[in-house]
Amino acid sequence: MSLSVATITTLSLLPPALLWVAPAAYRRLLLSRAKHRSLTGHSRMAQRVARLLPGYRFDEQSFFRADDCDSNTEAMRRAAFYNMSARFAKRYARSLEATERAKQSLSDLQFISSYRVPFQFSDLVKRHLKIGSVVSNSHDVFIEDLDGNLFYDLSGSYGVNLLGYDFYKRNIVTANDSAQALGPVLGMYHPAVIEVAERLRVISMQDEVSFHMSGTEAVMQAVRLARYNTGKTHLVRFCGAYHGWWEDVQPGPGNPMPPRETYTLEDMSERSLTALRMRKDVACVLVNPLQALHPNRAAPGDSSLVDSSRKAGFDRVAYTDWLRKLRALCTARGIVLIFDEVFLGFRLAPGGAQEYFGVEADMVTYGKTLGGGFPCGVLCGKSRFMRRYREDRPADICFARGTFNAHPYVINGMLHFLRALETAPVKALYEGLETRFQDAADQLNQRLNKAQVPVQVAAMASVWTILFEKPSRYNWMLQFYLREAGLALSWVGSGRLIFSLNYHEKHLDAVFERFVGACVAMRDDGWWHTPPELSNKSIRRRILKELFANKSAV
């Protein structure tokens with residue numbers, strides 16, 4: 001139940017001594033104030049709004065004049081678009097043909113093809129400016145498509161690729177050789193599980209380990225165990241954070257169910273701490289350390305890049321202070337603090353976010369790169385929170401036992417990855433890691449400024465995001481210019497660049513040259529030639545008018 005504005009106003013004026021007469025209302029008030037002042041902070045409202053938004057597609061003229069540019073700029077953009085389309089069709093012919101064939105069967109591929117750009121523009125893009133999603137080879141920092149085109153990989157394979165593709169290819173072979181004698185025996189364990197668990201206990205600074213087949217599964221088990229062992233119902237996630245696709249941690253758009261036992265609070269907010277301090281129903285708090293790069297904002301993708309208001313910036317000192325306050329509060333209130341390192345694990349430090357920020361969690365989830373090339377999920381936690389049964393009540397259990405958990409080949413993949421972390425070559429990659437990538441980002445920003453293009457990057461170690469400094473409705477076009485320049489991004493586009501740690505200076509220099517060249521080409525093709533009166537605010541107003549017009553037409 002939500003409070004009316006009048007009730008909230010009245011309660012906020014009451015002296016603290018009188019609030020005992022309405023404790024539930026006061027706690028609700030604190031919870032309301034702890035939510036971020038945007039739709040991303042109000043999952044239920046965001047879900048309702050998403051259902052009301054009408055779908056519409058620009059015709060060809062509107063596509064190129066969505067910002068009311070002049071006719072010369074429209075013609076320039078039109079020519080650039082169709083010329084690029086012709087080049088793509090010729091240069092990537094086999095890859096595009098394979099992608100279109102796969103799309104007929106793969107629902108995932110249908111989804112990403114539709115949500116690569118803002119929906120108003122997607123119809124023309126899907127028909128004329130296609131990107132291949134089928135590749136044949138990888139080595140060093142490159143991937144190769146079916147037409148023999150080499151791309152510098154900036155996708156990071158969703159974060160899997162930490163140490164370089166050659167490492168993982170070797171690791172898979174080694175793991176296969178180690179597990180071959182046992183084969184796919186499930187239920188019982190390969191002997192490697194003992195060393196893997198012991199190494200994970202040291203790295204995670206936790207007592208026990210639970211194996212799963214994906215990061216989403218690991219987070220599901222962490223939340224389930226937190227609820228079971230605290231006897232509390234609710235979880236807290238912070239605005240914008242991603243913790244997998246299941247209902248409890250992804251309320252709002254994208255979830256067919258309304259939020260139930262989930263509170264979405266503002267990240268890095270004293271109001272959130274105050275609200276947590278007053279509640280007795282919170283079992284756990286989930287933290288995705290990647291949010292330090294863009295607090296209270298969802299993972300950036302070009303499908304939502306409707307203007308140039310995307311913001312990002314990493315402040316290590318401020319985020320460390322926030323985590324320490326959160327840690328102290330969770331300890332005082334008996335709340336389980338969970339670090340979700342499925343995506344970012346091992347990128348900041350060999351010991352992950354706990355080592356990097358100097359804050360210890362009660363549970364930690366891992367995935368992706370930990371498998372050494374195999375799919376995996378891992379939960380590490382304190383013994384008191386990992387318990388799944390009560391000896392005094394034998395029917396009172398918290399069950400979780402997946403069929404493929406601790407698969408022999410996956411376990412051996414983990415073992416050789418964990419051993420590699422202690423080798424001299426890998427340790428050398430971590431030396432000065434943050435400074436190396438921040439200096440590289442600064443260097444790229446200097447080159448972009450010199451080229452006089454309205455683009456900058458923000459970095460959190462090896463994870464970067466692209467920012468746009470001039471109001472525009474066409475920033476999403478940059479992903480296609482980067483692809484033509486030989487830079488491969490993930491399907492979300494320019495929102496996230498992920499470097500593997502084996503990127504050397506010569507690689508970075510080549511990437512920067514291509515990156516700047518792509519930005520200059522996009523500028524010269526007129527996509528940033530906008531009317532002087534255009535602003536992010538006016539763009540959003542225009543989109544609202546488009547939405548209302550198309551809603552009325554339905």
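Everything numeric here is computed off the predicted structure, so don't read it as measured data. In this chain, numbering begins with 1 at the start of the sequence shown.
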(message) I need the single residue from V359, L337, D340 that forms a side chain to side chain contact (heavy atoms under 4.5 Å, CB included) with V287. Which is it?
(response) L337
(request) Indicate whether the side chain of H416 and that of S178 have a donor and an acceptor atom separated by less than 3.5 Å. (result) yes
(request) Identify which one of R496, R310, R116 satisfies the salt bridge (Lys or Arg N to Asp or Glu O under 4.0 Å) criterion when paired with D302. (result) R310
(message) Regarding R199 and E422, does a basic nitrogen lie under 4.0 Å from an acidic carboxylate oxygen?
(response) yes
(message) Testing the 3.5 Å rule here: is there a donor-acceptor pair between the side chains of R388 and S210?
(response) yes
(message) Quick check on the 6.0 Å ring-centre criterion: do F346 and Y366 meet it?
(response) yes
(message) Taking CZ in F512 as the centre, count heavy atoms belonging to other residues, nucleotides or ligands within less than 6.0 Å. Is the count above 12?
(response) yes
(message) Suppose we call two aromatic rings close when their centres sit under 6.0 Å apart. Are Y158 and W491 close by that rule?
(response) no
(request) Please determine, by modelled atom types, if D248 and T262 share a side-chain donor-acceptor pair under 3.5 angstrom. (result) no
(request) Go through the side-chain N and O atoms of S308 and N475 and say whether any donor and acceptor fall under 3.5 Å apart. (result) yes
(request) For this output row, return yes or no: ring centroids of F142 and Y152 closer than 6.0 angstrom. (result) yes
(request) May I ask you to check whether W476 and F468 place their ring centres under 6.0 Å from each other? (result) no
(request) Measure from the side-chain N and O atoms of T465 to the backbone N and O of A458, and report whether any donor-acceptor pair falls under 3.5 Å. (result) no
